[in-house]
There are 2 protein chains.
Amino acid sequence: MTLPLPGRQVRGSTTGKPIMALLDLLGRTWALGIIWHLHTGPATFRELQQRCEKISPTLLNTRLKELKTLQLIESQKSGYQLSSQGVDLFEIISPLGCWSAQWAQALKDESKI
Amino acid sequence: MTLPLPGRQVRGSTTGKPIMALLDLLGRTWALGIIWHLHTGPATFRELQQRCEKISPTLLNTRLKELKTLQLIESQKSGYQLSSQGVDLFEIISPLGCWSAQWAQALKDESKI
DNA sequence: AACCATGCTACATTATTTGTAGCATGGTTA
DNA sequence: TAACCATGCTACAAATAATGTAGCATGGTT
């Protein structure tokens with residue numbers, strides 16, 4: 001898959017709008033999961049593999065390269081970590097943690113009726 | 001792909017944590033895009049196809065079913081629309097619109113150095 | 001010098017997505 | 001009322017992406 005660069009045509013959009021590039025990127029398997037798991041702190045490749053439970057090294061590496069090129073993560077001696085932009089992004093999506101719990105509850109309640 | 005139900009094992013997680021089910025769902029091709037495009041108002045199937053520019057009807061229908069089952073969207077006479085939970089979800093992610101513009105600018109600036 | 005752990009690649013298998021054609025239904029117009 | 005539409009959606013083959021497993025290369029330890 002080609003890198004979803006803002007300004008370029010991406011999967012799902014010919015307009016080059018940044019939001020479309022971002023949604024393409026975040027819509028790729030494991031991209032959101034990697035960001036989510038990195039917010040708890042830096043991790044080595046193998047540590048990240050474990051946090052993600054079931055990701056293949058092939059795909060992990062592919063996503064890490066994409067996220068690095070697009071400056072959402074960076075690699076240091078301590079391993080991979082969110083960049084400052086990555087942290088900003090995480091802060092936007094972090095309420096999903098709480099929200100998903102309510103959502104899960106609502107789905108559960110509804111299935112009891 | 002099986003539906004990512006909170007409480008069940010999903011792609012990338014055996015724990016059943018709601019956030020993992022949500023990330024699985026949102027990480028599927030076009031799921032975020034559909035939610036994004038629906039926030040501007042209800043749309044018929046064909047209208048939604050156009051808003052999404054390049055989605056295949058097969059996949060659109062698959063995602064719509066998933067999103068409907070998981071109560072993020074609902075279908076009315078006027079077409080598909082975000083459910084109240086869908087609206088809540090959208091409100092969480094809506095800052096991505098502005099954020100992506102800054103991000104795009106940063107990428108652009110950086111590439112000039 | 002044998003042993004480890006780590007970061008990562010290779011590659012075949014399997015799963016997902018795309019693209020195109022077109023069917024079934026219900027409304028509208030001639 | 002019969003020939004048009006538009007709509008919602010399915011079928012299905014081709015293309016693309018993800019998985020799973022093995023294992024290599026490097027650098028540090030015993």
Side-chain angles (χ1 to χ4, degrees), chain A residues 1-5 8-14 20-21 23-38 41-70 73-82, chain B residues 1-5 8-14 20-21 23-38 41-70 73-82:
Chain A
M1 250 190 306
T2 59
L3 206 63
L5 271 173
R8 300 277 187 76
Q9 183 167 343
V10 297
R11 181 168 58 172
S13 179
T14 58
M20 290 301 143
L23 295 185
D24 179 356
L25 177 65
L26 299 183
R28 294 177 182 199
T29 308
W30 275 110
L32 278 168
I34 290 171
I35 293 170
W36 196 264
H37 285 301
L38 273 181
T44 64
F45 190 91
R46 296 222 172 190
E47 161 68 13
L48 200 44
Q49 260 186 109
Q50 286 171 344
R51 288 190 195 170
C52 291
E53 292 188 51
K54 286 202 156 186
I55 192 170
S56 72
T58 316
L59 187 60
L60 177 56
N61 191 234
T62 303
R63 285 292 168 274
L64 287 173
K65 278 182 192 160
E66 292 171 357
L67 293 169
K68 203 153 82 174
T69 305
L70 296 174
I73 65 173
E74 54 200 20
S75 48
Q76 301 280 314
K77 283 154 276 170
S78 53
Y80 292 96
Q81 60 185 235
L82 292 178
Chain B
M1 249 188 309
T2 57
L3 206 64
L5 270 174
R8 299 279 187 75
Q9 183 167 342
V10 296
R11 182 167 60 173
S13 179
T14 57
M20 291 302 144
L23 295 185
D24 178 357
L25 177 65
L26 299 182
R28 295 178 180 196
T29 308
W30 276 111
L32 278 167
I34 290 171
I35 292 170
W36 196 265
H37 285 302
L38 272 182
T44 63
F45 189 92
R46 298 224 171 188
E47 162 67 14
L48 200 44
Q49 259 186 110
Q50 285 171 347
R51 289 190 195 171
C52 290
E53 289 187 53
K54 285 202 159 187
I55 194 169
S56 71
T58 315
L59 188 60
L60 178 55
N61 190 40
T62 303
R63 286 292 168 273
L64 287 174
K65 277 181 192 161
E66 292 171 357
L67 294 169
K68 203 154 79 174
T69 305
L70 295 174
I73 64 173
E74 53 200 20
S75 48
Q76 301 279 314
K77 281 154 277 170
S78 52
Y80 292 97
Q81 60 185 236
L82 293 177

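- The shortest non-hydrogen separation linking A:Ser78 to A:Gln81 is OG-NE2, 3.6 Å.
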Audit row: A:Thr29, B:Arg11, side-chain contact (heavy atoms from CB on, under 4.5 Å) steps and yes/no = CA-CA 9 Å; A:Thr29 308; B:Arg11 182 167 60 173; 3.6 Å; yes

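- Shown are A:Leu23, A:Leu26, A:Val10; of these, the side chain to side chain contact (heavy atoms under 4.5 Å, CB included) with A:Pro4 is made only by A:Val10.
- A heavy-atom distance below 4.0 Å to DNA chain C is reached by these residues of residues 51-59 of chain B, ordered by number: B:Lys54, B:Ser56, B:Pro57, B:Thr58, B:Leu59.
- A:Leu25 has its side chain within reach of A:Leu67: a pair of non-hydrogen atoms, C-beta onward, lies under 4.5 Å apart.
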Just the dot-bracket of DNA chain D, please: which string comes out with Watson-Crick or G-U pairs under 3.5 Å, [ ] for crossing, | for another strand?
-> ||||||||||||||||||||||||||||||

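- Contact between A:Gly41 and A:Arg51 at its shortest, heavy atoms only, is O-NH1, 2.9 Å.
- Following rounding to the nearest Å, A:Met1 (CE) and C:dA15 (P) show an atom-to-atom distance of 18 Å.
- Between atom CZ of residue B:Arg63 and atom CG of residue B:Leu32 there is a gap of 10.5 Å, rounded to the nearest 0.5 Å.
- Nucleotides of DNA chain D nearest to A:Arg46 and A:Thr29 differ in position, and the one nearer the 5' end is that of A:Thr29.
- Residues B:Leu60 and B:Phe45 approach most closely at CD2-O, 3.7 Å, considering heavy atoms.
- In this entry the distance linking CH2 of B:Trp30 with P of C:dT18 reads 8 Å, nearest Å.
- If you take CD1 on A:Ile34 and CG on A:Leu59, they are separated by 6.5 Å, rounding to the nearest 0.5 Å.
- The distance from the NZ atom of A:Lys65 to the CG atom of A:Asn61 is 4.5 Å, given to the nearest 0.5 Å.
- Heavy-atom contacts of chain B under 4.0 Å fall on DNA chain D between two terminal nucleotides, which in 5' to 3' order are D:dT7 to D:dT19.
- The backbone N or O of A:Thr14 sits less than 3.5 Å from a side-chain atom of B:Glu53, completing a donor-acceptor pair.
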